[in-house]
Amino acid sequence: MISAKLDFASSQSQSPELTAKHSDSLIVVSGEASLDTDGLLHGWCWCAARPGERRVVEIMINDRVASAIVASRFRDDLRERNIGDGYHGFAVALTNSLTLADPGCVLSLRDRASGEIFWRETRGERGLPEGLPDRIANLASLCRTISQSRELGQAKARGPALKFAARLGYLGRYLERPSKRGNMAFRTASSARASLLNGHATTALPFTAAPQFSVVLDAGEDASETMRAISAASPDLHFANAELLVLDSGADPRTALLPSIFPNLRYFANHGEAPAGARRHAAMGARAEMLIFVKNPAADESQDSFERAARFQIPAPLAGALLHLAPRTSASSDDLRLVITRSSFLNRQPKHHAVPTTVL
Amino acid sequence: MSQRNVMEWERTSERGVFEIGVTRTFGLGDLSKYMPLTGYAAPEENHVWNDGAEASFVVTMQSIPTEQVILKVEGLPFVAEDLKSQDITLYFNGYRVGFWRLNAMDKTFLAAEIEPEYWLARDGGAYGKCVWHMPGSMRPSDVTGADDQREIGFCFQSIAIS
């Protein structure tokens with residue numbers, strides 16, 4: 001249970017501004033798309049609640065808007081499927097854009113009015129080669145052999161050679177190190193995703209056009225648990241006008257699949273990066289002025305410790321979301337979260353903008 | 001989209017207001033329904049042919065661009081065995097901004113550079129009249145024997161300003 005350090009704002013009333021922002025973001029659009037091998041992207045986009053509108057579709061490559069098009073092309077199949085009057089299709093050539101993008105880019109389609117991403121595809125190869133565990137074991141053995149070779153171990157070998165031998169040895173030991181989850185089974189991304197979902201239905205994480213809060217979550221060692229927490233917290237996050245950023249330390253490689261499950265999730269990989277640097281990286285990408293860092297209590301204790309949580313007037317919906325994101329908190333949750341303004345965080349002035357209120 | 005925004009969308013669409021980077025399609029789904037077209041045949045589902053040697057439409061924007069923009073039209077020309085090519089000249093508010101000689105009935109992009117000085121300030125926004133001069137427009141009935149009396153030269157499919 002979250003300790004009583006959370007100060008709940010009067011949750012009974014909601015600001016008109018928040019209500020107004022929600023009205024656009026509550027629009028549900030639907031659509032499909034398909035990318036041909038020649039770079040032609042064609043699909044459709046429609047809002048059943050407003051069938052007469054032609055939606056403006058933004059084509060995004062790696063979260064950057066590459067182009068936009070009004071979905072107004074007629075398609076017989078749309079009319080047959082009772083998707084409006086059939087004039088909701090679009091077709092755009094992306095040959096040049098895709099040529100300039102990196103091979104593993106993420107292609108997304110977003111309805112501009114609502115901000116809803118209705119289609120996303122990650123390009124590039126995602127499968128793992130056959131026999132990867134054996135190949136890695138052989139590479140580790142080779143690295144160890146080279147590092148212990150007579151030539152590199154000679155007395156006259158100094159300087160760069162010695163450093164090279166040391167690095168090879170380290171690489172070999174790193175490759176041989178078993179993961180904390182035991183022998184990891186190497187599977188294709190699709191089967192890994194299936195295992196992650198494991199029959200669990202997820203709640204979509206809606207897009208928030210102008211979030212008031214950016215919740216930064218350190219993903220733990222179990223991507224399944226992180227996924228379930230995000231799914232449970234999604235409605236509250238949306239109601240609280242908060243966006244969610246996830247920091248992935250690489251403890252569970254399946255965490256990298258979360259963006260494909262939650263298209264509006266902001267994902268940051270910090271493999272090998274210091275936790276403080278990773279949080280700063282996420283803060284730079286955050287869109288809200290107020291940051292809330294949620295630490296997974298099961299995370300590595302060698303991480304930088306959070307400072308005492310400030311007393312903040314957190315809206316009740318957001319508090320509900322935080323309960324889902326960090327359920328395994330101890331009675332003393334001083335290190336659970338740090339609420340700080342984005343500008344002061346980036347200026348490395350961890351001021352606590354405390355707003356003293358009544359503690360429940 | 002709020003009710004106010006819907007009304008604004010409809011109003012701006014009726015004026016054919018364009019936004020930088022947004023591709024719009026000719027045909028009954030969008031522009032043909034909202035933007036006045038002169039010298040064009042009856043619009044079809046996803047395109048519209050010209051009907052006659054000259055065709056024009058008006059492009060408007062909320063403000064005059066401060067930099068050069070590219071006006072790009074996607075479509076395909078009418079060429080046939082007895083009609084080897086189509087010459088197309090584009091005038092933008094009287095400025096000659098493009099000339100194309102198209103020899104194959106393949107999808108093509110006609111791109112023209114529009115300088116800021118070419119725009120006219122009108123109704124608080126930017127106004128640009130595009131006049132397409134296609135002297136090679138002919139009736140398919142005269143060229144291929146098809147039952148089509150329209151005097152066509154180019155099939156306009158989409159347009160974008162970037």
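Per chain, numbering begins at 1; letters A, B, ... match sequence-line order. Not measured: the values here are computed from a predicted model.
Residues V22(B) and V70(A) approach most closely at CG1-CG2, 3.8 Å, considering heavy atoms. Taking both residues in full, the closest heavy atoms of S72(A) and N46(B) are given as O-OD1, 4.2 Å, listed atom of the first, atom of the second, then distance.
Residues E19(B) and V56(A) fail the side-chain proximity criterion, which asks for heavy atoms closer than 4.5 Å. Side chains of L28(B) and F74(A) form no contact here, defined as non-hydrogen atoms less than 4.5 Å apart.
Under a 3.5 Å cut-off, the side chain of R73(A) and the backbone N or O of T25(B) do not form any donor-acceptor pair.
The local environment of CG in D147(B) is sparse, with at most 12 non-hydrogen atoms from other residues, nucleotides or ligands closer than 6.0 Å. A 6.0 Å sphere centred on CZ of R101(B) holds no more than 12 heavy atoms belonging to other residues, nucleotides or ligands. Atom CD of E115(B) sits in a crowded spot, with more than 12 heavy atoms from other residues, nucleotides or ligands closer than 6.0 Å.
Using a 4.5 Å cut-off between heavy atoms, R112(A) contacts chain B through its side chain alone, with no backbone atom that close.
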